Amino acid sequence: MTALKKKINAYCNRPGAVCQDPRFVGADGIAFYFHGKKERDFCIVSDSNLHINAHFIGRRNENMKRDFTWVQSLGILFDNHKLFIGAQKTSTWDDSVDRVALEFDREPIILPEGEGSQWKSEASRLTITRTRNTNAVEIEVEDNFKIKALVVPITEKDSRMHNYGITREDCFAHLDMSFKFYALSSSVNGVLGQTYASNYVSRAKMGVLMPVLGGNKEYSSSNLFASDCDVAQFTGQSLEGNSYANFKDANLNCASSGLGGHGVVC
């Protein structure tokens, strides 16, 4: 399990990551937490031609007023398409067993195991590539976005350290991710997306150990593919004059030794 933990941290050191319980680093370089609620869907990016909802799983901590949460899956809208990526539920973790679930326009994607294997949809400019033999993929829609995703478990060590209370019935497999955006507009919104907006000012309380961003209500979506959160911008069409066209990846360190970079959720 130690070797796996090292792999997880190395993955989270990549630019634009979404890792752990979810921790975000916005385009302004400020790190914050957004805990949401377990078994609920929240809008993390919403723009004219990109809308990303995240489904949160978690456990209730009886000694706290919130859930421990992790991102289990994403529902991604672009053009007139729907793309799903999720971590399949599992009790005992084995990194050699693939737990990535993928669907495009409600149809399952069969992606052969083996690093480098690909699935393409030329009409939608979508390419999905395995970056390891199992449990790691890169998803790219040309001129729109790129997501690197890794399915990881909550380890027994993590559970003891943070008092998660994880049992052998469910290791809470979830997604660690890095994002790269090619064409966000200045009015982009969502938990992460808002940090790229031209008029964004962080609302997270700084100077504390865990700066937390609220807003469960305004970012809540009725389901994984709904664009009905209060801050939704999605129309399925790109706008002219995008402010983050060709936005470059930033540096990130999600390891316990430090955290930095831009456009990060981890």
Side-chain angles (χ1 to χ4, degrees), residues 11-37 40-56 69-78 83 85 139-141 144-150 174-206 210-221 224 226-227 229-234 242-245 247-254 259-266:
Y11 187 89
C12 287
N13 288 340
R14 298 180 183 179
V18 180
C19 310
Q20 302 165 9
D21 47 356
R23 181 168 47 192
F24 296 70
V25 178
D28 56 2
I30 295 176
F32 62 91
Y33 290 79
F34 176 81
H35 299 297
K37 294 183 178 180
R40 294 280 298 277
D41 302 309
F42 295 93
C43 163
I44 61 172
V45 177
S46 188
D47 203 18
S48 58
N49 196 28
L50 178 61
H51 186 95
I52 304 176
N53 287 329
H55 179 72
F56 284 31
T69 53
W70 302 274
V71 175
Q72 182 268 336
S73 58
L74 297 180
I76 304 166
L77 305 174
F78 67 96
L83 175 63
I85 176 171
I139 300 169
E140 183 169 18
V141 173
N144 198 334
F145 65 89
K146 179 190 291 185
I147 301 172
K148 297 177 181 179
L150 177 68
H174 60 281
L175 297 174
D176 279 356
M177 294 163 286
S178 64
F179 291 86
K180 182 176 181 179
F181 305 110
Y182 299 120
L184 294 180
S185 75
S186 60
S187 59
V188 61
N189 215 313
V191 179
L192 173 64
Q194 64 180 322
T195 68
Y196 295 85
S198 58
N199 62 347
Y200 176 70
V201 177
S202 177
R203 292 180 291 153
K205 185 177 180 180
M206 296 295 104
M210 292 179 59
V212 176
L213 177 70
N216 286 0
K217 182 179 181 298
E218 63 186 305
Y219 301 119
S220 181
S221 297
L224 195 59
S227 55
C229 61
D230 289 349
V231 300
Q233 306 290 314
F234 185 73
N242 291 333
S243 63
Y244 272 83
F247 179 77
K248 299 298 183 181
D249 284 321
N251 293 323
L252 166 71
N253 184 347
C254 276
L259 178 66
H262 307 282
V264 176
V265 188
C266 49

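Just so you know, these numbers come straight off a predicted model, no measurement behind them. Just the heavy atoms: all of them, side chains too, but no hydrogens, waters or symmetry mates, feed the values below. Starting from 1, each residue takes its place in the sequence as its number.
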Heavy-atom check, side chain of Ile44 versus side chain of Phe179, under 4.5 Å: yes

Residue pair Asn53 / His51, side-chain donor-acceptor N/O under 3.5 Å: yes

Interatomic spacing from OG1 in Thr195 to CG in Asn189 - rounded to 0.5 Å: 10.0 Å

For Tyr196 against Val188, the heavy-atom pair lying closest together: CB-CG1, 3.7 Å

Parallel, tilted or perpendicular: rings of Phe34 and Phe56 (30°, 60°): perpendicular

Interatomic distance, Cys43 atom SG to Leu224 atom CG [nearest 0.5 angstrom]: 11.5 Å

Closest non-hydrogen atom pair, Val141 against Phe78: CG2-CZ, 3.7 Å

Proximity of Phe181 and Phe145 rings by center, below 6.0 Å: no

Side-chain heavy atoms of Phe234 within contact of Asn49, under 4.5 Å: yes

Side chain to side chain donor-acceptor pair (under 3.5 Å) between Asp47 and Ser185, worked out: CA-CA 7 Å; Asp47 203 18; Ser185 75; 2.5 Å; yes

Gap between atom OG of Ser46 and atom CD of Gln194 - 0.5 Å precision: 11.5 Å

Phe32/Val212 under side chain to side chain contact (heavy atoms under 4.5 Å, CB included): CA gap, chis, key distance, verdict: CA-CA 5 Å; Phe32 62 91; Val212 176; over 6 Å; no

Heavy-atom closest contact (His35 atom, Asp21 atom, distance): ND1-O, 4.1 Å

Contact summary for Ser221 and Ala226, nearest pair of heavy atoms: OG-O, 3.9 Å

Asp176 side, atom CG; Trp70 side, atom CH2 - distance, nearest 0.5 Å: 12.0 Å

Straight-line distance of Leu50 CG to Leu77 CG, nearest 0.5 Å: 8.5 Å

Euclidean distance, His174 NE2 relative to Leu150 CG, rounded to 0.5 Å: 8.5 Å

Given Asp41, Leu83, Ile147, Val45, the one that forms side chain to side chain contact (heavy atoms under 4.5 Å, CB included) with Leu74: Ile147

